2 protein chains.
Amino acid sequence: MARPRTFDEDRVLDTAMRAFWANGYEATSTRDLCEAVGLDRSSVYNAFTSKRELFLRALARYVDLTSADLTRVLDDPERSPIERISALFDVVVEGEAANRREGYGPGCLTVNTTVELSGRDPEAARILERDLERRLEALRAVIRAGRAAGEITSPRDDDGLARFVNAVIAGIRVASQGGAGPASLRAIADCALDAL
Amino acid sequence: MARPRTFDEDRVLDTAMRAFWANGYEATSTRDLCEAVGLDRSSVYNAFTSKRELFLRALARYVDLTSADLTRVLDDPERSPIERISALFDVVVEGEAANRREGYGPGCLTVNTTVELSGRDPEAARILERDLERRLEALRAVIRAGRAAGEITSPRDDDGLARFVNAVIAGIRVASQGGAGPASLRAIADCALDAL
DNA sequence: CCGGTTCTGCACCGTTCGATGCAATACGGT
DNA sequence: ACCGTATTGCATCGAACGGTGCAGAACCGG
C-alpha cells in the first residue's frame, strides 16, 4: 500500500532501553537516541509519537524481558525452592558483573525508573507496579514450595519474605551502582539467604 | 565593608535539597529552585557558582545531616547492639512514613543520587562513597559489638553483614518509592534482622 | 555622610530541548 | 506503469534550559 519502514521497531526499543537505562530518562535526549540508533527524529516521532511514549514502550519491553528471565529461574524444575532463590541472586550478581564487563552501566531500569519517575509519572508507576506484583507472586510461590519442602523455616509470612527478597535485589542493584564489587554483592545475597 | 546577604545560605541549601530529593537533579531547574526559595537566579549563582555546585553542596549537607542521625542511633549507649540496628530500621521505616505524611516524597537523596548521577558525576560519586564508607564503618562496629554480646551469631563476616544491612535500607527506600506501605517496609526490616 | 564593595532585580545570551512541517522519495496494489 | 500512501531527511519552531551583564540599591568602615 505504501512505503514500508526501513528499521526494526524492536531494535529501536532495545537501543532506547539501553540509553535510558544508562543515563536515565531526563538526561537522555531524543537526539542522543536517534544518533545511537542511526535514525532521524521524524521517523522516531512518527513511530512512537513522543519521547515519553517511547520510554514507556522501552520500559514495558525491559519489564517483559526480565520477567521472562525471572520466571525461567524461579520455575526451574531441576532445582529445589531455595536453590532457585539462590540462583535468582546469582543471576542478579552475575548480571551486574556482566553488564559492567560489556560496557553497559550497572543497576537495572526497573529500580532506576522507580527512583526517577514513579513519583511523577502515573503510567510508568503502573507498569512498575504490575511488574512488582508479578515478581512478588512468583517469589511467594517459590517460598511456599520452600516451606513445604522444609527448606524455608522463617516465621515471617510469605508476602513479607517475598518483599524482603525483592528489596535485597534492589539493594544489590543500588550497591552495584555505588561501586561495590562482585564479592560484596555476593556477600549481600548470602546474608539474605540466611534469613529464609 | 559591603552589602550583606539577605538570605540564609543553609535555608537555600535545605530548599534545594528537598527539591532535588523530590524530583531528581535533571528534572529540577534553577528557576524552580529560585521560585521555591524566593530568590533571584543571579543571587544563587553569585553564592553557588553553578547548578551542579549547588547540588553538590546540598548533597553534602544531606549526607552530613543523615550521617548525624545514623551515628546518634548506632552509638546509643542505652540500647544493646542489635537493638540499635533494629532502631536504625525503625528510623528508616518511620522516616519514610513521616516524609510521605508531610508531603515530601519517599526515598532518600543518597539512593536517588547513586542511581541518577554516581555513574556520570565523579564528584557526586566521591561524596556518596565517603558517606558509604562511614556508614559501613559504623555498622561494622555495631556488628562487632553484637557478636561480642552474643546477639549476632551469623557466620558471615562483619563487612558482608554491614553491606547487607545497608543494602536492605536502600531496598526499603526503593520499595517505598514503589508504593509499598509501612507494614510492608516493616516486614522487610524484620526479615533482615533475622539474618543476623 | 560618603567612598567602596557587594548584593539584588531584570533583561538578555546562546544552546539545547521536545516536537513539527514539508518536499522528496520509495514502495505496494491494481 | 502508475497512483496513492507512508516514510524519510532536512529545516525549523517555540519553549525552557544554564548562565551572564549591568544598573541601581543597600550596607559597612572611615
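None of the values given here were measured: they were computed from a predicted structure. Reminder, nothing fancy here: chain letters follow the sequence lines and each chain counts from 1.
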Give Ser29(B) one of three labels, base, sugar-phosphate or nothing, depending on what nucleic acid heavy atoms sit under 4.0 Å from its own.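 Here Ser29(B) touches the backbone only, sparing every base.
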
Have a look at Phe7(A) and say if it touches a base, only the backbone sugar-phosphate, or nothing, with a 4.0 Å heavy-atom cut-off.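 Touches sugar-phosphate only.
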
Listed nucleotide nearest any side-chain atom of [X], set [options]:
X        : options                  : value
Ser42(A) : dG9(C), dT6(C), dT20(C)  : dT20(C)
Thr30(A) : dG18(C), dC27(C), dT5(C) : dG18(C)
Arg5(B)  : dG21(C), dC7(C), dA6(D)  : dC7(C)

Is the phosphate of dT8(D), meaning OP1 or OP2, less than 4.0 Å from a side-chain N or O of Thr6(A)?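 Yes.
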
Closer than 4.0 Å, any side-chain N/O of Ser43(B) to the OP1 or OP2 of dT8(C)?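 It does, given that an N or O in the side chain of Ser43(B) lies less than 4.0 Å from OP1 or OP2 of dT8(C).
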
Between CG on residue Asp158(B) and CG on residue Leu161(B), distance to nearest 0.5 Å: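 One finds 7.0 Å between CG of Asp158(B) and CG of Leu161(B).
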
Six-ring centre of Tyr45(A), Lys51(A) cation under 6.0 angstrom, axis tolerance 45°: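 Judged by the rule (NZ or CZ under 6.0 Å from the ring centre, within 45° of its axis), Lys51(A) is not positioned above Tyr45(A).
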
base_contact_polar (dC7(C) base, Arg3(B) side chain, donor-acceptor, <3.5 Å):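 Yes, the side chain and the base share a sub-3.5 Å donor-acceptor pair.
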
Is it the case that dG18(C) (base atoms only) and Arg31(A) (side chain only) share a donor and an acceptor within less than 3.5 Å, ignoring hydrogens and angles?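 Indeed there is one.
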
Here's a test for you: under ring-ring contact (aromatic ring centres under 6.0 Å, His included), which of Trp21(A), Phe20(A), Phe48(A), Tyr62(A) qualifies with Phe55(A)?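 In the set Trp21(A), Phe20(A), Phe48(A), Tyr62(A), the residue that makes a ring-ring contact (aromatic ring centres under 6.0 Å, His included) with Phe55(A) is Phe20(A).
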
